[in-house]
Colleague: 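Please find one structure pasted underneath; my questions will follow.
In each ligand, atom 1 is the first atom listed, and ligand 1 is the first ligand listed. One is the number of the first residue; the rest follow in order along the sequence.
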Amino acid sequence: MFRRSQLVLTATVAGLLCAALTAPPAQATPKPPSKDPVAVGTGGAVASVDPYATEIGLQVLRRGGNAVDAAIAAAAALGVTEPYSAGIGGGGFFVFYDAATGEVETIDGRETAPALMDEDAFVENGVPIPFAEAVTSGLSVGVPGTPATWALALDRWGSITLREALRPAAQLARRGFVVDETFRQQTEANAARFADFTSTRELFLPGGEPPEVGSVLRNRDLARTYGLLGHYGVDFLYDGRLAAEIVATVIDPPVAPGATRVVRPGLMRLPDLAAYQALFREPTQVAYRGLDVFGMAPPSSGGSTVGEALNILENFDLAGLDRVQALHRYLEATALAFADRNRYVGDPAYVDVPLAELLSQAFADERACLIAPTAAPKPVPPGSPDGVYVPCAPAAAVGSGATAAGSTTHLTTWDRWGNVVAYTLTIEQTGGSGIVVPDRGFLLNNELTDFNFTPTQGTAPDPNLPEPGKRPRSSMSPTIVLDEGQPVLALGSPGGSMIITTVLQTLLNRLDFGMTLPDAVAAPRASQRNTPTVSAEPAFIAQWGPALEALGHAFTSVPEIGAVTAIERQDDAGRLLAVAEPVRRGGGDAGVVEP
Ligand code: GLU
């Protein structure tokens with residue numbers, strides 16, 4: 001149904017985007033494209049954290065491309081303007097609703113551990129190495145999955161070539177983008193470690209300093225790299241010259257002379273890159289309030305944990321309850337679902353994940369009866385997803401295994417034919433490993449720090465220990481909701497393990513609490529991941545804290561949780577509502593083809 005269009009995105013997109021940048025009149029301050037967190041219209045839609053990426057996705061749709069084409073082109077643009085969260089040095093999960101077949105399909109583009117990585121990789125002299133040292137190291141770099149994801153998605157569902165999909169982003173990289181407050185802040189936060197790598201400081205600390213807000217940052221190396229990937233295909237990265245350069249960088253990171261940082265070498269070798277495959281996986285699926293919610297299966301814990309929590313909450317009439325009572329159930333449900341996630345979910349090639357049971361309504365019903373009128377002491381123990389369900393077994397505390405938040409980005413696209421993409425991609429921490437591949441313009445991930453460094457207390461056997469070739473457990477939760485087979489909502493978020501609660505809370509806001517999608521996205525967030533305190537935004541604590549504390553919940557304030565993008569179908573005539581964050585992460589950008 002999609003014609004293989006001759007999509008030649010030459011000067012137009014970048015020309016339009018960068019009109020203010022090319023040959024500006026003397027003293028003129030270049031302006032970034034405008035951002036809008038909400039857009040309504042027809043002909044397709046794109047929502048991302050970044051106006052350049054959204055605009056490039058929309059241009060692809062306008063020129064006849066489909067949702068997959070637009071998603072890859074926009075993701076490539078994020079590699080330019082959000083290089084600390086996304087890019088070809090990382091991985092992600094791609095969820096696709098195919099209007100032609102009515103099926104939801106997914107691609108697992110998760111990074112893998114090298115063959116030399118064993119269970120003790122992050123342990124020295126019997127103790128785990130400091131997390132920060134693991135992050136900024138060659139050791140944490142997993143084999144990137146993003147290039148293979150793009151190639152596989154385009155090959156299977158796209159209507160343009162990889163070269164065509166990368167061209168607008170290459171042009172953006174060449175011409176440059178206007179640095180905004182968020183980019184500046186993220187660079188500042190990373191400046192010390194970026195300065196310790198010659199390649200990274202050259203790219204992201206021009207003149208030795210984080211770039212000024214309003215200045216133009218160009219990445220000609222990345223423009224060339226995209227050009228080479230378009231020309232030679234992703235084998236250039238997995239099996240060609242770039243593979244050798246990645247391995248050389250990981251084994252011997254380009255530490256700046258005089259830097260005193262301990263930078264451990266990596267274990268990745270050429271055969272690890274050559275063996276990498278992005279994988280098609282069956283989506284997870286649960287029914288909730290008469291809708292079908294599809295998500296990402298292991299090695300992401302997103303689909304199973306969001307799904308289990310929804311199944312638990314199906315036991316309660318959240319819409320009919322007082323909001324404090326409803327939020328109490330939300331917090332307790334996610335604690336239970338996280339206990340099960342931590343105990344049972346890992347890379348299914350290495351771990352026997354009881355996925356069908358974790359997603360069964362009967363298991364969730366057993367778990368739901370553990371929700372008491374007041375908060376249970378955390379952490380709560382995992383349940384037994386064994387097919388035999390007895391109600392209300394007593395609780396005993398165990399270790400939590402909740403992971404720290406890193407950085408990531410989610411984008412959502414929807415085309416005029418009704419194809420939908422929810423795509424979350426990451427390089428793990430903001431700035432990944434901090435190591436740019438010299439002269440190639442992109443950061444390498446630190447995704448292998450998503451493994452548990454040592455067995456988590458109370459979760460033996462721990463499903464998320466490092467192993468050769470294994471994919472670390474993720475929390476990424478790209479989600480598509482169908483109503484009688486038709487897509488009605490697609491969404492996702494960054495936020496480490498808080499991704500799961502962010503997606504869930506947005507779903508509850510929209511489906512149970514009757515908020516509009518913009519309100520559902522903007523509403524203050526709280527995240528209970530089976531830890532003694534609930535992480536929550538100040539506005540959530542101000543509004544709901546005292547009433548929930550009276551029920552036994554305790555709060556830890558965190559400035560910001562997640563950064564959702566979402567698109568919702570408004571009617572059968574193809575009217576779409578695209579939504580990005582109004583404030584978090586500096587605000588995102590939503591757009592439609594025909595407003
Ligand atoms: N690496 C994390 C995961 O896969 C995502 C990091 C983040 O979103 O901050 O779960």
Colleague: Partners of Thr54 by side-chain contact (heavy atoms from CB on, under 4.5 Å), sequence neighbours excluded?
Modeller: Val46, Ser48, Leu58, Asp589

Colleague: For Arg110 and ligand 1, answer yes if some heavy atom of the residue is under 4.0 Å from a ligand atom, otherwise no.
Modeller: yes

Colleague: May I ask you to decide whether Glu332 forms a salt bridge with Lys378, counting only side-chain N to carboxylate O separations under 4.0 Å?
Modeller: yes

Colleague: Just one of Arg110, Lys470, Arg473 clears the salt bridge (charged side-chain N to carboxylate O under 4.0 Å, His left out) bar with Glu447, so which one?
Modeller: Arg110

Colleague: So between Glu447, His410, Met498, whose heavy atom ends up nearest atom 1 (N) of ligand 1?
Modeller: Glu447

Colleague: Let me know which of Phe442, Phe197, Tyr84 forms a ring pair (Phe, Tyr, Trp, His ring centres under 6.0 Å) with Phe204.
Modeller: Tyr84

Colleague: Can you list the atoms of ligand 1 that are under 4.0 Å from a heavy atom of Asp450?
Modeller: 1 (N), 2 (C), 3 (C), 4 (O), 10 (O)

Colleague: Give the numbers and elements of all ligand 1 atoms closer than 4.0 Å to a heavy atom of Gly495.
Modeller: 7 (C), 8 (O), 9 (O)

Colleague: Looking only at distances, please establish whether an N/O atom of ligand 1 is found under 3.5 Å from an N/O atom of Ile499.
Modeller: no

Colleague: If you count the non-hydrogen atoms of other residues, nucleotides and ligands that lie under 6.0 Å from CD in Glu188, is the total more than 12?
Modeller: yes

Colleague: For ligand 1, which atoms, with element, lie under 4.0 Å from some heavy atom of Met476?
Modeller: 4 (O), 10 (O)

Colleague: Numbering the atoms of ligand 1 from 1, which are under 4.0 Å from a heavy atom of Gly496?
Modeller: 6 (C), 7 (C), 8 (O), 9 (O)

Colleague: Out of Leu78, Thr424, Val49, which one pairs with His410 under the side chain to side chain contact (heavy atoms under 4.5 Å, CB included) rule?
Modeller: Thr424

Colleague: Would Arg156 and Phe280 count as a cation-pi pair here, with the cationic atom under 6.0 angstrom from the ring centre and within 45° of the axis?
Modeller: yes

Colleague: Show the atoms of ligand 1 that are less than 4.0 angstrom away from any heavy atom in Ser475.
Modeller: 3 (C), 4 (O), 10 (O)

Colleague: Would you check whether Pro494 has a nitrogen or oxygen atom less than 3.5 angstrom from a nitrogen or oxygen atom of ligand 1?
Modeller: no

Colleague: Assess, by modelled atom type and distance only, whether the side chains of Arg529 and Ser535 contain a donor and an acceptor separated by less than 3.5 Å.
Modeller: yes

Colleague: Judging by distance only, is a nitrogen or oxygen of Thr408 under 3.5 angstrom from one on ligand 1?
Modeller: yes

Colleague: For Arg473 and ligand 1, does the shortest N/O to N/O distance drop below 3.5 Å?
Modeller: no

